[in-house]
Amino acid sequence: MTLAPEPPADTLHDVIIIGGGLVGGLCALLLAEGGVQPVLLDAAPLLSPDVLAERDSRVFALSPACIDLLKRVGVWARITRHAPYQAMQVWHRDAPSVLDFGQPDTRHADWLGSMVEPNVLTLALQAQWQASGLTVHSQCRVQALDQYSDHWRVTLSDGRVLRTALLIGADGANSMVRRAADIVLDRLDYGQSAVTCAIRTERPHGGVARQVFLPTGPLALLPMADVDDPEHGHWQSIVWTLPTDDATALTALDDAALMQALGHASGYVLGAVQHVQSRGLFALKAQQAQHYVQARLALIGDAAHVVHPMAGQGVNLGVLDAAVLVDALLHDRTRGLWAHSQTLNRYARTRRLPNSLMMHSLSMLGWLQSATHPAVMWVRGEGMQAVARQPALRDWFSAQASGHSSVRQTRYSG
């Protein structure tokens, strides 16, 4: 494609970020902290504190590295509620071993992470944008993206035109930025969907995230901040992976039948399910952009990659993308460079391999846990028992999930 120069306009922004979710919003705050003034375009409206009155059916399982970054830019202090978890239990319905990570029921143990409802996080992000003086256009629709030899032109639905030396796509799995750059996707359709809801169980979760592998797919019980009883914590977010037809049928059940199905599937690990609310259903897929960068363009978060939700790593991978990209940009800015192709390619090399490994590892794990061949079942059982017997292995898995290793070589390693 030949890129012709465009007549100069009044303003050339250093960077425009399209997408104001956690990944795009954090990217903007990290850039601002480093002395760069980004323009953030967000299709969603500003939230009212009234959203805190209702529970969301889903939560983000934020890693320690992600939480550290949110603390750094002032967002974490604005989080009104979250559910830290000190331990994780993983087991297969047909295997005797239970993998325990962390220390259950220990109030002063190091967190493995914390569960935050999307609306709670978004409200905190938006408050910090305002406090930081970021240039944010909310409820902003992008009509067209055009590439020129030295910049991108962004045309908004209201007719405004913006120009930028760097365009960052943080606009989700169906990224308009990725499409405008003609970047091809590698896709994997699992033929599965996830049922989500919030449930109240008979016994409290005790700060433990739980996941049981069933022949049809994993069922996760994730601690939620309890609005009604914060001291004990009986509410959890459910993510139940099933073949799509089964998932659709499950969501059609009445509350009583759904609660019974959830209790049975979980082995009544926390007693009976007493209440259910905020149901959801979404199709599961894995995908990855063949290229994370192009001239004066970078993709981060779901715009670059989508992984299976079973390990809760999707949003954390996107946050690490943002941190690595911003660190590279700020490093080169001190040398008088901005959005240089070598800088963008360095970001892509650093992040694409670990994201690809995570995507394929989760796909393999899902296949391994659902397989019914006797030989595979034996390997699965022996593998879980081997990990269960080795504290060093469990510690290694916990360290990898923390996300700290991915930012070790950046300014955010502390």
Side-chain angles (χ1 to χ4, degrees), residues 21-23 25-26 55-71 75-76 79-91 99-104 109-122 124-125 194-199 205-213 217-226 233 235-241 266 270 278 280 282 284 286 301-302 305-323 354-355 358-359 361-362 365-366 394 397-407:
L22 171 58
V23 175
L26 177 62
R55 288 185 187 86
D56 202 320
S57 65
R58 298 176 65 182
V59 292
F60 290 136
L62 302 184
S63 69
C66 178
I67 292 170
D68 287 347
L69 289 165
L70 290 172
K71 288 179 178 178
V75 172
W76 190 252
I79 298 287
T80 55
R81 65 176 184 249
H82 65 100
Y85 61 102
Q86 295 85 16
M88 179 180 294
Q89 292 181 346
V90 181
W91 71 99
L99 299 183
D100 289 303
F101 300 93
Q103 303 177 50
D110 291 337
W111 295 354
L112 294 182
S114 193
M115 306 291 179
V116 184
E117 298 155 73
N119 282 342
V120 173
L121 183 55
T122 299
L125 273 170
V195 175
T196 63
C197 58
I199 65 169
H205 53 66
V208 179
R210 295 172 171 85
Q211 182 160 263
V212 53
F213 285 97
L219 167 63
L221 294 85
L222 309 175
M224 297 185 75
D226 200 326
W235 281 90
Q236 284 135 103
S237 173
I238 291 295
V239 183
W240 190 354
T241 299
S266 67
L270 294 175
S278 305
F282 62 96
L284 297 181
D302 284 358
H305 49 79
V306 175
V307 301
H308 195 289
M310 76 170 70
Q313 287 300 304
V315 71
N316 293 301
L317 294 177
V319 164
L320 296 173
D321 291 346
N355 290 340
M358 178 63 73
M359 182 178 75
S361 296
L362 291 176
L365 180 60
R394 297 199 303 275
F397 283 122
S398 297
Q400 293 301 112
S402 76
H404 285 137
S405 61
S406 296
V407 292

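The residues of the chain are indexed from 1 along the displayed sequence.
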key: Nearest-0.5 Å distance, NE2 of residue His205 to CG of residue Asp226   = 6.5 Å
inquiry  = Please check: side-chain N/O of Ser237 versus main-chain N/O of Ser57, any donor-acceptor pairing under 3.5 Å?
reply    = yes
request  = Would you sort out whether Ser114 and Ile67 count as a side-chain contact (heavy atoms from CB on, under 4.5 Å), showing the intermediate values?
outcome  = CA-CA 8 Å; Ser114 193; Ile67 292 170; 3.9 Å; yes
message = Determine whether Gln236 and Leu270 satisfy the following criterion, side-chain contact (heavy atoms from CB on, under 4.5 Å), listing intermediate values before the conclusion.
response = CA-CA 11 Å; Gln236 284 135 103; Leu270 294 175; 2.8 Å; yes
Ser278 side, atom OG; Ile238 side, atom CD1 - distance, nearest 0.5 Å = 12.5 Å
query = Yes or no on side-chain contact (heavy atoms from CB on, under 4.5 Å) for Met224 and Val59, after CA distance, side-chain angles and deciding distance?
reply = CA-CA 8 Å; Met224 297 185 75; Val59 292; 4.1 Å; yes
task = Could you tell me whether the side chain of Val23 reaches within less than 4.5 Å of the side chain of Asp302, counting heavy atoms only?
result = no
remark   = One should read off an interatomic distance between Leu69 CG and Trp76 CH2, to the nearest 0.5 angstrom, of 12.0 Å
task = Could you tell me which non-hydrogen atom of Leu125 sits nearest to which non-hydrogen atom of Leu26, and how far apart they are?
result = CD2-N, 4.2 Å
request  = Please check if the side chain of Arg81 supplies one atom and the backbone of Glu117 the other of a donor-acceptor pair under 3.5 Å.
outcome  = no
query = Is the shortest heavy-atom distance from the side chain of Asp68 to the side chain of Val407 under 4.5 Å?
reply = no
key: Pair Val212-Arg210, side-chain contact (heavy atoms from CB on, under 4.5 Å): steps then yes or no   = CA-CA 7 Å; Val212 53; Arg210 295 172 171 85; over 6 Å; no
request  = Check whether any side-chain heavy atom of Ile79 sits under 4.5 Å from a side-chain heavy atom of Leu70, and report yes or no.
outcome  = no
ask   = Excluding sequence neighbours, so at least two apart, what forms side-chain contact (heavy atoms from CB on, under 4.5 Å) with Arg58?
value = Asp56, Thr196, Phe282
key: Spacing of Leu219 atom CG and Gln211 atom CD [to the nearest 0.5 Å]   = 8.0 Å
request  = Only counting residues at least two apart or in another chain, list the ones meeting side-chain contact (heavy atoms from CB on, under 4.5 Å) with Ala209.
outcome  = Tyr85, Met88, Met115, Leu222, Pro223
query = Quick one: CG on Leu62 to CG on Leu121, what's the gap to the nearest 0.5 Å?
reply = 6.5 Å
request  = Would you mind reporting whether Val319 and Phe60 have side-chain heavy atoms less than 4.5 Å apart?
outcome  = no
